[in-house]
Every structure is written in C-alpha cells, then in structure tokens.
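Below is one structure; the comments refer to it alone.
Nothing here was measured: the structure is a model prediction, and the numbers come from that model.
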Amino acid sequence: QVQLVDSGGGLVQAGGSLRLSCAASGLSFSKYVMGWFRQAPGKEREFVAGISASAGNTYYANSVKGRFTISRDNAKNTVNLQMNSLKPEDTAVYYCAADLRYLALPATSDTAYDYWGQGTQVTVSS
C-alpha cells in the first residue's frame with residue numbers, strides 16, 4: 001500500500017523559512033517522479049515543484065523559482081521542499097505527490113500524479 005506522509009508545515013513570518021518533508025512507503029521510490037503542490041483557500045490546487053527519479057531534473061512554478069528548492073533522498077525514501085523568503089501569498093496546504101509513470105519527467109498537472117500525501121499547512125504572516 002502506497003503511503004505519503006507530509007510534515008514540516010507551520011506558522012512563520014514573512015521572509016522566514018520552512019522545510020517540508022514527505023516520507024514515502026509502499027513503492028519503489030527511486031523509480032518515480034515526485035512533486036509538491038499547494039492549495040490556498042478558495043483556489044485550485046497548483047503545482048509548486050517537481051523532481052525526476054534520479055533528481056537530475058527539477059521544475060518550479062514561476063512564483064517560487066529562486067526561493068524554493070526541491071530535493072530527494074532515494075536511500076531514505078524522502079522528498080523535501082526548502083522554502084525561503086516566504087511571502088503571505090505562499091500560505092496554503094502543501095501536498096507531496098508521486099507520479100508512477102516510469103521514467104517520466106516532472107509534470108505540472110496534478111492529473112499526472114497517482115498518490116498524494118495528507119497535506120501540511122503553511123501559514124505566512126505579514
């Protein structure tokens with residue numbers, strides 16, 4: 001049974017940093033693309049960042065480029081999202097997701113992802 005467990009969210013002031021983590025189990029983690037998405041109240045879920053299976057390719061939404069960094073540790077079955085210079089508009093529930101298409105490059109559409117974490121709340125105060 002595939003399980004993704006998100007953690008690391010919290011309340012932070014604008015300009016601060018947070019590091020989100022996602023622990024995966026029940027899948028051959030090193031074979032698959034992983035992504036982070038977020039959903040703010042009243043808005044649709046949006047792509048934040050994605051990383052290929054080997055970590056050789058990373059993609060970012062324009063809104064977070066230069067501030068967020070996605071990484072993965074295939075030995076520990078974890079994917080992380082380091083978020084720096086946080087802004088109030090980054091406030092959302094953040095979800096990690098797994099794309100089980102073998103050898104895929106990171107996709108920005110949430111329909112490409114097969115499994116999702118439970119989400120972790122990030123709140124950035126001004």
Side-chain angles (χ1 to χ4, degrees):
Q1 180 180 358
V2 176
Q3 188 172 18
L4 303 178
V5 179
D6 305 324
S7 63
L11 173 64
V12 64
Q13 288 188 333
S17 299
L18 281 174
R19 183 177 177 85
L20 305 184
S21 292
C22 173
S25 60
L27 75 168
S28 297
F29 181 79
S30 63
K31 293 182 179 179
Y32 303 121
V33 163
M34 298 296 295
W36 284 97
F37 287 75
R38 67 187 181 187
Q39 188 166 20
K43 295 187 177 181
E44 294 187 351
R45 187 163 55 189
E46 64 174 357
F47 172 81
V48 175
I51 188 167
S52 62
S54 66
N57 295 92
T58 55
Y59 294 159
Y60 297 93
N62 288 335
S63 58
V64 307
K65 202 171 293 184
R67 299 187 298 121
F68 291 10
T69 302
I70 189 171
S71 62
R72 66 190 296 160
D73 185 337
N74 285 343
K76 296 182 178 179
N77 287 7
T78 58
V79 58
N80 303 302
L81 186 68
Q82 178 66 42
M83 306 186 297
N84 299 330
S85 302
L86 282 161
K87 304 175 181 180
E89 51 263 44
D90 294 318
T91 295
V93 178
Y94 284 71
Y95 301 88
C96 73
D99 177 355
L100 269 55
R101 294 175 299 155
Y102 188 52
L103 297 180
L105 291 174
T108 59
S109 171
D110 60 359
T111 59
Y113 293 81
D114 302 280
Y115 291 96
W116 294 83
Q118 83 285 1
T120 185
Q121 176 70 47
V122 171
T123 303
V124 184
S125 63
S126 56

Enter the distance from [X]:[atom1] to [Y]:[atom2] here, rounded to the nearest 0.5 Å.
X	Y	atom1	atom2	value
Thr91	Gln121	OG1	CD	7.5 Å
Cys22	Gln3	SG	CD	10.0 Å
Leu81	Ser71	CG	OG	8.5 Å
Tyr113	Met34	OH	CE	9.0 Å
Phe68	Asn80	CZ	CG	14.0 Å
Asn57	Ser52	CG	OG	4.0 Å

Please say which of Thr108, Leu20, Val64 ends up in a side chain to side chain contact (heavy atoms under 4.5 Å, CB included) with Val48.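 Option passing the side chain to side chain contact (heavy atoms under 4.5 Å, CB included) with Val48: Val64.
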Side-chain donor/acceptor of Tyr60 to backbone N/O of Ile70, under 3.5 Å: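 Answer holds: yes.
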Spell out, as yes or no, whether a donor-acceptor pair under 3.5 Å connects the side chain of Asp99 to the backbone of Pro106.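 No: the side chain of Asp99 does not pair with the backbone of Pro106.
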Would a 4.5 Å heavy-atom cut-off, applied to side chains only, mark [X] and [Y] as touching?
X	Y	result
Arg38	Ser63	yes
Tyr94	Thr120	yes
Thr78	Ser21	no

Exercise: identify the closest heavy-atom pair between [X] and [Y]:
X	Y	answer
Cys96	Leu4	SG-CB, 3.8 Å
Ala107	Ala112	CB-CB, 3.6 Å
Pro88	Ser126	CG-CB, 3.9 Å

Hydrophobic clustering (ILVMFWY, side-chain heavy atoms < 4.5 Å, transitive) - are Val33 and Leu105 grouped together?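 Yes, Leu105 connects to Val33 through the hydrophobic network.
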Cluster link Leu100 to Val5, ILVMFWY, side chain under 4.5 Å: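 No; Val5 is not reachable from Leu100 via cluster members.
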According to salt bridge (Lys or Arg N to Asp or Glu O under 4.0 Å), who are the partners of Asp110, at least two apart in sequence or on a separate chain?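 Applying salt bridge (Lys or Arg N to Asp or Glu O under 4.0 Å) to Asp110 gives Arg45.
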Any pair counted as salt bridge (charged side-chain N to carboxylate O under 4.0 Å, His left out), so long as it reaches residues 48-57, sequence neighbours left out: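 Matches after skipping sequence neighbours: none remain.
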Listed once per pair and sorted, the salt bridge (charged side-chain N to carboxylate O under 4.0 Å, His left out) pairs that draw on residues 52-75, sequence neighbours left out: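 Qualifying pairs: Arg67-Asp90.
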Qualifying side chain to side chain donor-acceptor pair (under 3.5 Å) pairs with a residue from residues 5-18, counting only residues at least two apart or across chains: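 Pairs touching residues 5-18 that pass the test: Ser17-Asn84.
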Please name all residues satisfying ring pair (Phe, Tyr, Trp, His ring centres under 6.0 Å) with Tyr95, sequence neighbours left out, ordered by chain then number.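 Here no residue qualifies.
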Kindly write out the residues that satisfy ring pair (Phe, Tyr, Trp, His ring centres under 6.0 Å) with Phe29, not counting sequence neighbours, or none if the list is empty.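 Applying ring pair (Phe, Tyr, Trp, His ring centres under 6.0 Å) to Phe29 gives none.
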Would you please indicate yes or no on a ring centroid separation below 6.0 angstrom for Phe47 and Tyr59?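 No.
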